[in-house]
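Protein chains get the first letters and strands the later ones, always in sequence-line order, with residue 1 at the start of each.
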Amino acid sequence: MKFSAPKGMQDILPPDIYIWQNVEEVARELFHKYGFQEIRVPIVESTDIFIRSIGETTDIVEKEMYTFTDKGGRSITLRPEGTAPVVRCYVEHNLYNLPSPQKFFYTGAMFRYERPQKGRFRQFYQIGAEAFGVSQPSLDAEIIVMLKNLLEKIGIAGLNFELNSIGCDKCRPDYKNALLKFFKSKLAIYCPDCQRRYRTNPLRILDCKVPGCVELRKGAPYVKDYLCNDCREHFNELIFSLKELKIPYTLNPNLVRGLDYYTRTTFEVTSEHLGAQKAVAAGGRYDRLVEEFGGPPTPAMGFAIGMERLATLLKEKSEQKIPSPKVFIATLGRDAEMEGFKIAESIRSSGCWIEPNYGGASLKSQMRKADRIGAEFVLIIGDNELKAGKVQWKNLKNSQQGEVEIKDIASIIQKLSDYIPK
RNA sequence: GUGGGCGUAGCUCAAUGGUCAGAGCACUGGACUGUGGCUCCAGGUGUUGGGGGUUCGAGUCCCCUCGUCCACCCCA
């Protein structure tokens, strides 16, 4: 009986891990330039936090949360997303007393109990960014630019930025009613899912992929026509900014986010190379959430990137090279092995990856091993070398070989490696 | 939660219901007593994912279950 990772969860190992590390490194560096600082919040929260923010009737809350009762009788949930915990943190520590805006980013695992498919897992990783305290659309624009720069920097092209505004508490109800009125007459001919959506979240009908429903919704009310003055102005200014900044985007009036807390700006970054789950990143404004969590009215905006989806794109883009040690030390006999360990330590202090030989094996098999793990150099230490205080070195790329005093090894290796044709 | 495809060696895959389930790659050792790559030789663990059934006989057919992949719902 062999064990395997839990369903929908996966191990990330070399060489894939280097893709992940690179993305995180680039993100950290870039986000700092925009004033976003890293925070770490717990991986679990009180269940209420997610119910209150994401929405009681959303799929995430209704059927996708990993919820359990701890030994103190508290209901605890593995976070299904990152925004709610960050908002809780912001309010708990009264960060609204600090100068606005406060900007944060985080990386980490999220959990949703779903059927796995391409680009969807039960444990998945996000890089998220959240900014608090600015209602101006210039913040929206800045965040979108930052995201675009990140994606460009890590080398992903051909992405589509989709943009929409879903209004605020004032104007969304009007739009919702207009939609309900529009759908009502032909409700019976819509697909069963849409009939359910009619009751739970009518905006979602705009998103349905069933051809019949796509046809039926032609002529449906347009969000843009129902935005209140403030929301319309906000949206127009954002669009203006994006044009000025030369950020290509697509307006998608059918872009509806699944989480209840969104207001005004919503956006999604999609790729055609991902299968059905094609959103690489998504986000939007949530101007009411801080207040909802007991803080003062504080506008906010953020996004999250799906790491697995990003990694998928990066993987199909280029071949990965597996890192290999610079030096392998082949030794014959116990004394030589000990000397080899000492030499290894001194070379490591100069900063390169070195692999020693562990235990007895023929020189031949050690040489073969050095070759297979991709080492550039082999140092050979046997009885003869021990007596002479020297080691044999061999460059495996060009087969040059020579002898060197033990004390000179580190410097020799640095010099020789420069000759190596890459 | 719903629907479909697929589970055979570490990996990629063969095997009409019929002998003891094979091949390539990879791995380890040797040919080469202290020198890698090329070549040759040798070496193997499979509870054929698991359980039950049909049959003289099941990797193959049927049922259940688990896993995986893809899609729906929904979402990063």
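The residues A:Lys153 and A:Glu25 are annotated as not salt-bridged, no charged nitrogen and carboxylate oxygen being separated by less than 4.0 angstrom. Contact check on A:Arg348 versus A:Glu345 returns a salt bridge, with a Lys/Arg side-chain nitrogen under 4.0 Å from an Asp/Glu carboxylate oxygen. A:Arg334 and A:Glu337 are not joined by a salt bridge, as no carboxylate oxygen comes within less than 4.0 angstrom of a charged side-chain nitrogen.
Sequence order on RNA chain B of the closest nucleotides to A:Gln126 and A:Asp371 puts A:Asp371 first from the 5' end. Closest-nucleotide positions on RNA chain B for A:Ile305 and A:Arg196 were compared, and the one nearer the 5' end corresponds to A:Arg196.
The side chain of A:Ala279 approaches B:A76 more closely than any other nucleotide in the set B:A76, B:C72, B:G30. Checking B:C75, B:G30, B:C69 against the side-chain heavy atoms of A:Arg112 singles out B:C75 as nearest. In this structure, of B:G36, B:C74, B:G34, it is B:G34 that holds the atom nearest to the side chain of A:Leu332.
Rounded to a whole Å, the CD1 atom of A:Ile60 is 15 Å from the P atom of B:C73. The interatomic distance linking A:Glu339 (CD) with B:G34 (P) rounds to 21 Å, in whole Å. Summarising the geometry, the separation between NZ on A:Lys364 and C1' on B:G36 is reported as 8 Å, rounded to the nearest angstrom. Here B:C73 presents its P atom at 9 Å from CG of A:Asp207, a figure rounded to the nearest Å. B:G36 atom P lies 10 Å from atom CD of A:Gln401, rounded to whole Å. A:Lys397 has its NZ atom 12 Å from the C1' atom of B:G36, to the nearest Å. As rounded to whole Å, 15 Å separates atom P of B:C70 from atom NZ of A:Lys209. If you take CD of A:Glu114 and P of B:C69, they are 14 Å apart, rounded to a whole angstrom.
The residue A:Ala370 sits apart from the nucleic acid: no heavy atom pair falls under 4.0 Å. Counting non-hydrogen atoms under 4.0 angstrom, A:Val280 reaches the backbone sugars and phosphates but no base. Residue-level contact check: A:Gly283 touches neither bases nor backbone, having no heavy atom under 4.0 Å from any strand. Within the 4.0 angstrom heavy-atom criterion, only backbone atoms of the sugar-phosphate kind lie near A:Arg204; the bases stay farther away. Within 4.0 Å (heavy atoms only), A:Arg115 reaches at least one base atom of the nucleic acid. Residue contacts for A:Phe121: at a heavy-atom cut-off of 4.0 Å it reaches a base atom on one of the strands shown. Using a 4.0 Å heavy-atom criterion, one finds that A:Glu385 contacts the bases of the nucleic acid, with or without backbone contacts as well. Across all strands, A:Leu310 comes closer than 4.0 Å to no nucleic acid atom at all (heavy-atom distances).
Comparing the same atom, C1', in B:A23 and in B:G17 gives a spacing of 23 Å after rounding to whole Å. To the nearest whole angstrom, the two P atoms, one in B:A31 and one in B:G37, are 13 Å apart. Straight-line distance between the C1' atoms of B:U28 and B:U68: roughly 31 Å, to the nearest whole Å. The separation of B:C6 from B:C62, taken at their P atoms, amounts to 11 Å, rounded to a whole angstrom. Comparing the P positions of B:A14 and B:C61 gives an interatomic distance of 14 Å, to the nearest angstrom. For the C1' atoms, the distance from B:A26 to B:C63 is 38 Å, rounded to whole Å. Taking atom P on both B:U12 and B:C69, the two are 13 Å apart, rounded to the nearest angstrom. B:U2 and B:C20 have their P atoms separated by 42 Å, with the value rounded to a whole Å.
Taking a pair as Watson-Crick or G-U wobble with both distances under 3.5 Å, RNA chain B forms stems of 3 or more consecutive pairs at B:1-7 with B:66-72, B:10-13 with B:22-25, B:27-31 with B:39-43, B:49-53 with B:61-65.
In this structure, A:Arg122 is positioned above the aromatic face of A:Tyr113, its NZ or CZ under 6.0 Å from the six-membered ring centre and within 45° of the axis.
Taking 4.5 Å as the limit, some side-chain heavy atom of A:Phe328 sits within range of a side-chain heavy atom of A:Ile373.
Expressed to the nearest 0.5 Å, how far OG1 of A:Thr270 lies from NZ of A:Lys278 amounts to 5.0 Å.
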Evaluate the ring-ring contact (aromatic ring centres under 6.0 Å, His included) criterion for residues A:Phe105 and A:Phe31: first the C-alpha distance (whole Å), next the side-chain angles of each, then the deciding distance (0.1 Å), finally the verdict.
CA-CA 8 Å; A:Phe105 76 91; A:Phe31 288 1; 5.3 Å; yes
The test is salt bridge (charged side-chain N to carboxylate O under 4.0 Å, His left out); show your working for A:Lys103 and A:Glu142 and say whether it passes.
CA-CA 12 Å; A:Lys103 307 178 194 171; A:Glu142 184 183 69; 3.2 Å; yes
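Remark: of the listed residues A:Leu139, A:Leu95, A:Leu289, A:Val87, A:Val87 is the sole one forming a side-chain contact (heavy atoms from CB on, under 4.5 Å) with A:Phe132.
OP1 and OP2 of B:G67 both lie 4.0 Å or more from every side-chain N or O belonging to A:Ser4. Phosphate proximity of B:A71 to A:Gln117: present, with a side-chain N or O under 4.0 Å from OP1 or OP2. Look at A:Arg120 and you won't find any side-chain N or O under 4.0 angstrom from OP1 or OP2 of B:A71. Between A:Ser362 and B:G30 there is a side-chain N or O to OP1 or OP2 distance below 4.0 Å.
With hydrogens and angles ignored, the 3.5 Å screen pairs a side-chain donor or acceptor of A:Arg172 with a backbone N or O of A:Ile166. Distance alone, capped at 3.5 Å, places no donor-acceptor pair between the A:Lys326 side chain and the A:Ala375 backbone.
Judged by distance alone with a 3.5 Å cut-off, no donor-acceptor contact links the side chain of A:Lys369 to the base of B:G36. Between the side chain of A:Asn384 and the base of B:G34, at least one donor-acceptor pair of N or O atoms lies under 3.5 Å. Side-chain to base pairing of A:Arg368 with B:U35: no donor and acceptor N or O lie closer than 3.5 Å to each other. In terms of polar N and O atoms assigned as donor or acceptor, the side chain of A:Ser399 comes within less than 3.5 Å of the base of B:G36 in a complementary pairing. For B:C75, its base sits under 3.5 Å from the side chain of A:Arg309 at one donor and acceptor pair at least. Scanning atom types as modelled, no donor and acceptor separated by under 3.5 angstrom connect the side chain of A:Lys118 and the base of B:C70.
The aromatic rings of A:Phe377 and A:Trp393 stand perpendicular to each other, their planes meeting at an angle above 60°, with 30° marking the opposite boundary.
A:Tyr226 and A:Tyr175 have their aromatic ring centers within a separation under 6.0 angstrom.
Of the residues in residues 7-21 of chain A, those with a non-hydrogen atom less than 4.0 angstrom from any atom of RNA chain B are A:Lys7, A:Gly8.
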